[in-house]
Amino acid sequence: QAQLVESGGGLVQAGGSLRLSCAASGTLSMFVMGWFRQAPGKEREFVAAISRDGFSTYYTDSVKGRFTISRDNAKKMVYLQMNSLKLEDTAMYYCAADFTSNAHVVTIRSSEYDYWGQGTQVTVSS
């Protein structure tokens with residue numbers, strides 16, 4: 001099992017940066033980790049994912065080159081560094097964990113994730 005707690009959200013001006021953190025209980029190294037976001041009135045969407053071993057990452061097109069996902073299995077932490085933030089990045093951001101035996105894959109579909117955090121709000125202003 002895993003319990004996930006996000007932090008690091010807040011209000012930032014367009015063009016600014018934020019780093020989101022996700023603290024996990026359990027054995028983090030057994031989980032693919034992902035970040036999702038949901039804006040008001042919209043469906044939850046995939047943002048980024050990282051494999052168990054940290055060597056594989058995947059991003060949705062809209063954040064490529066601006067966001068970086070990383071993990072520290074020893075500290076049981078997952079991060080999302082967000083640079084060059086845009087108004088359209090405003091959303092509630094969720095950390096998620098997918099228990100898998102494959103150390104090298106990433107997971108994109110939200111339905112495949114087993115555990116979710118409560119979310120942290122990111123608001124980008126003009």
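Since the structure is predicted, the reported quantities are computational estimates derived from the model, not experimental observations. Worth knowing before you read on, the calculation uses all heavy atoms, side chains too, and leaves out hydrogens, waters and symmetry mates.
Hydrophobic cluster membership differs between V122 and W116, with clusters built from Ile, Leu, Val, Met, Phe, Trp and Tyr side chains linked at under 4.5 angstrom. Both V124 and Y59 belong to a single network of hydrophobic side chains, linked directly or stepwise wherever heavy atoms of I, L, V, M, F, W or Y lie under 4.5 Å apart. Note on V106 and F99: separate hydrophobic clusters, where clusters join Ile, Leu, Val, Met, Phe, Trp and Tyr whose side-chain heavy atoms are under 4.5 Å apart, directly or indirectly.
Ring geometry, F46 versus Y58: the interplanar angle falls from 30° to 60°, so the pair is classed tilted.
For the ring-ring contact (aromatic ring centres under 6.0 Å, His included) test, no residue two or more places apart in sequence or in another chain qualifies with F67. Residues satisfying the side chain to side chain contact (heavy atoms under 4.5 Å, CB included) criterion with A103, sequence neighbours excluded, are R52, D53. Looking at residues two or more places apart in sequence or on another chain, you find a side chain to side chain contact (heavy atoms under 4.5 Å, CB included) between A39 and K42, A91.
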Name the atoms and distances for all side-chain donor-acceptor pairs under 3.5 Å in residues 20-35, with sequence neighbours left out.
| unit_1 | atom_1 | unit_2 | atom_2 | d |
| --- | --- | --- | --- | --- |
| S25 | OG | Q3 | N | 2.8 |

Side-chain donor/acceptor pairs under 3.5 Å, residues 79-87, sequence neighbours excluded:
| unit_1 | atom_1 | unit_2 | atom_2 | d |
| --- | --- | --- | --- | --- |
| Q81 | NE2 | N83 | OD1 | 2.9 |
| N83 | OD1 | S17 | OG | 2.9 |

May I have the step-by-step check of side chain to side chain contact (heavy atoms under 4.5 Å, CB included) for V78 and I69, ending in yes or no? CA-CA 7 Å; V78 181; I69 188 171; 4.3 Å; yes
Going through the checks in order, is the side chain to side chain contact (heavy atoms under 4.5 Å, CB included) test met by Q38 and Y94? CA-CA 8 Å; Q38 187 168 19; Y94 298 91; 4.3 Å; yes
Decide yes or no on side chain to side chain contact (heavy atoms under 4.5 Å, CB included) for H104 and F55, but give the supporting numbers first. CA-CA 7 Å; H104 311 298; F55 289 122; 5.5 Å; no
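How far CD1 of I108 is from CD of E45: 13.0 Å, rounded to the nearest 0.5 Å. To the nearest 0.5 angstrom, R19 atom CZ is 9.0 Å from S7 atom OG. Expressed to the nearest 0.5 Å, how far CD of Q121 lies from CG of L11 amounts to 10.0 Å.
Annotation for E88: atom CD counts as buried by contact number, over 12 foreign heavy atoms lying within 6.0 Å.
Contacts classified as disulfide bond (SG atoms under 2.5 Å apart) and involving residues 32-76 (residues at least two apart or in different chains) are not found.
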